[in-house]
Amino acid sequence: MSKFYITTAIDYVNDTIHLGHAFQKIATDVLARYYRISLGKDNVFFLTGTDEYGQKAEKAAKQQNIATNEFVKKISDSDQKEQDSLNISYDRFIRTTDSDHAEVVKEIWNKVEKNGDVYSGEYEGSYCEGCEAYYTKEDLINKKCPIHPTLTIKIIKEKNYFFKWSKYKDFLINYIRNNQDFIFPTHRAKEMLEFAKNIKDIPISRSNFTWGIPVPNDPKQVIYVWFDALVNYLTGVGFLKDKKLFNKFWPADVHILGKDNLRWHALLWPAMLKSANIELPKTILVNGFLNINGQKISKSVGNVIRPSEWVKKYGADAVRYYLLRYTNITEDSDISEEKLLQAYNADLANGLGNLVSRVAKLCENSNYVQMGSEERTSSHLIDIEEYSSAFASFKFNDALSFIWGNITELDKLINEEKPWELAKQNSPKLRTILAHAVDQIQEIAVLLEPFLPKTAEKIEEQFRGPKITSQKPLFPRI
RNA sequence: GCCAACGUAGCUCAGCGGUAGAGCAAUCGUUUCAUAAGCGAUCGAUCACAGGUUCGAAUCCUGUCGUUGGUACCA
């Protein structure tokens, strides 16, 4: 692999992102930072952003009596602030309302249409005016909407443009079967294969609201949000604007997304790309959801926490650490502030922070001078098998366990060699032990870079030499 | 209802056919360079439950229960 293009899901702007979204952003950021080290900074592109069109956004804006474009900007800005608080190192924060995006969406629409995959049709469905949404017959209870049982369900016909999704049924099934790496974890691929068997054409335009990108040559219709949103992955790397950038980075190496929108990424997106004659992304990584204290994160439960709230209390690196160390990215995980605190004290304060303190103080007390502190060749260190294989299979918790194993080992070694006694005896062995300890600390710092960028930087600075001095604790005990 | 994943010590997870593992928490001991930190030891699991296959099953098969996801136009 010579380049790495990774994307997060773009978050829908009906509300600011919470810790659940942060989980995905942090994982993506760790991968981006890891590949920047191993492939070089210029060979990685990291895209994230906000998904802003659609009826829900329009409705939410109306409720708050704000112009829709102002409303979505407000949420998008606060999403970006949340990501920044976590030190997410995106190369572009895309908004689907960005002007270059609309151009790309229209271009894709035209390509798909030219390929004969767009046709005008009529969508007929059971419509609830309370929800402003269609229901399938199975969803209805006694032929009534489950949320508005007093209203009558109307059979509404809407003229729409349809995408010939069904045309790509066999292609999709074969593609998923023949490319085992396409959907990760693999049991999600099975889910998609089941669904693909019954794939039908879908309407990709709407006429009952206006907040969207207009259909080319038919301004009465707007493009369906998913058709618009997925295309952001092309816009983000300069599909029309910057051919050089696009050719370098496309196809995407990893799309990371929540399990709730897998279908669109695993089935609709590849069909759209195939129709437009554009190469398909390599891997779709499905992340699980976070629960807090065993409960779903939701407004109605009242347990929504913004990432920045935890960052304020514990620091970005602590939140990043906790969220990836005690979870499994592909599965649902349960988190709590109490467990975060436990991890903070046990691993960051007592483990990493204390080790850094004790080695620094030992160096300071013995007037240790770091000789020939040449730049660490980070990319070499990152080739450590146990570490890199964890990244290859997206096992962030394993990579972190490996680093903490190194921390424990160094602590043990210091206990055994007792450098403070060697200092009293003026033993020549002291220098050797300290040199080894400093070397190990530097290695640990490199391995930490993707996960705890700020902390790694502080450690690298502190141990660069020639003189190494004791500094304020990295993670004061709480 | 149907399809699928998951269910291993209080917690987070590893093991996926050959005498139950790690880290955290708890308890005890020990060191003093360090953030009342470190290190060692102990405690702690009929591997969801019930059958089956096998010389042997946490590991394969069947069923039951529980959790979660999907079951199309919802971001």
Side-chain angles (χ1 to χ4, degrees), chain A residues 9-15 50-57 123 125 131 133-136 138-139 158 160 162-163 165 185-195 197-204 206 224-226 229 257-264 267-268 286 288-289 291 294 296 325-328 330-336 338-339 342-343 345-366 395 397-398 400-401 404-405 407-408 410-424 434 437 470 472-478:
Chain A
I10 51 173
D11 298 299
Y12 198 72
V13 289
N14 53 353
D15 198 8
T50 43
D51 179 11
E52 306 185 11
Y53 285 121
Q55 191 175 21
K56 269 198 179 179
Y123 179 73
C131 302
Y134 287 101
Y135 282 95
T136 59
E138 291 74 27
D139 289 331
E158 190 183 344
N160 288 129
F162 281 70
F163 171 61
W165 202 3
T186 44
H187 73 257
R188 298 285 176 193
K190 281 188 205 164
E191 213 172 280
M192 288 305 105
L193 283 171
E194 276 306 304
F195 183 85
K197 284 181 194 162
N198 301 309
I199 236 163
K200 289 176 210 156
D201 297 349
I202 49 159
I204 50 167
R206 297 287 187 274
Y224 173 51
V225 278
W226 269 115
L257 45 113
K259 59 184 183 180
D260 54 337
N261 47 40
L262 171 61
R263 181 192 314 151
W264 309 111
L267 299 173
L268 179 61
V286 185
F289 288 160
N291 295 320
K296 275 188 183 177
R325 176 67 181 84
Y326 294 100
T327 56
N328 181 339
T330 58
E331 306 301 322
D332 288 1
S333 299
D334 189 39
I335 61 164
S336 71
E338 197 188 332
K339 286 189 210 154
Q342 212 171 72
N345 282 328
D347 302 342
L348 297 175
N350 297 352
L352 175 63
N354 181 62
L355 176 66
V356 165
S357 289
R358 74 192 295 209
V359 173
K361 196 61 181 250
L362 283 167
C363 290
E364 186 179 292
N365 289 351
S366 355
K395 293 195 167 174
N397 47 0
D398 282 358
L400 286 166
S401 297
W404 258 258
I407 289 171
T408 298
L410 185 52
D411 262 328
K412 280 182 194 172
L413 185 105
I414 293 170
N415 274 26
E416 281 165 19
E417 299 293 346
K418 301 181 174 45
W420 56 92
E421 281 183 11
L422 298 175
K424 282 177 200 160
L434 290 182
S470 168
K472 268 193 282 178
L474 291 170
F475 299 97
R477 263 187 83 90
I478 299 175

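Below, chains carry the letters A, B, ... as their sequence lines are ordered, and counting in each starts from 1. None of the values given here were measured: they were computed from a predicted structure.
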Do any side-chain atoms of residues 358-365 of chain A form donor-acceptor pairs under 3.5 angstrom with protein atoms, and if so which ones, sequence neighbours left out?
unit_1: A:R358; atom_1: NH1; unit_2: A:D411; atom_2: OD1; d: 2.5
unit_1: A:R358; atom_1: NH2; unit_2: A:N415; atom_2: OD1; d: 3.0
unit_1: A:E364; atom_1: OE1; unit_2: A:S470; atom_2: N; d: 2.6

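- Take A:D332 and apply the side-chain hydrogen bond (donor to acceptor under 3.5 Å, both in side chains) test, not counting sequence neighbours, and it matches A:K259.
- A gap of 25 Å separates the C1' atoms of B:A37 and B:G44, to the nearest Å.
- For A:K190, whose side chain is taken as the heavy atoms from C-beta onward, the closest listed nucleotide among B:A4, B:U68, B:C39 is B:A4.
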Please write out each protein N/O paired with an N/O of nucleotides 40-43 of chain B under 3.5 Å, distance rounded to 0.1 Å.
unit_1: B:G40; atom_1: OP1; unit_2: A:K412; atom_2: NZ; d: 3.2

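- The listed nucleotides are B:C33, B:C39, B:C73; the one nearest the side chain of A:I202 is B:C73.
- With sequence neighbours left out, A:K339 forms a salt bridge (Lys or Arg N to Asp or Glu O under 4.0 Å) with A:D334.
- Here the nucleotide nearest the side chain of A:D332, chosen from B:U35, B:C3, B:U68, is B:U68.
- The side chain of A:R206 has B:C73 as its nearest neighbour among B:A5, B:U35, B:C73.
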What protein N or O atoms touch nucleotides 22-32 of chain B N or O atoms at under 3.5 angstrom, if any, and at what distances?
unit_1: B:C24; atom_1: O2'; unit_2: A:Q342; atom_2: OE1; d: 3.4

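- Relative to the side chain of A:K56, the nucleotides B:U35, B:C39, B:C74 differ in distance, and B:C74 lies closest.
- The side chain of A:K361 contributes no N or O atom lying less than 4.0 Å from OP1 or OP2 of B:G38.
- Consecutive Watson-Crick or G-U pairing (both distances under 3.5 Å) extending over three or more pairs maps onto RNA chain B as B:1-7 with B:65-71, B:10-13 with B:21-24, B:26-30 with B:38-42, B:48-52 with B:60-64.
- The listed nucleotides are B:U35, B:A4, B:G70; the one nearest the side chain of A:F475 is B:U35.
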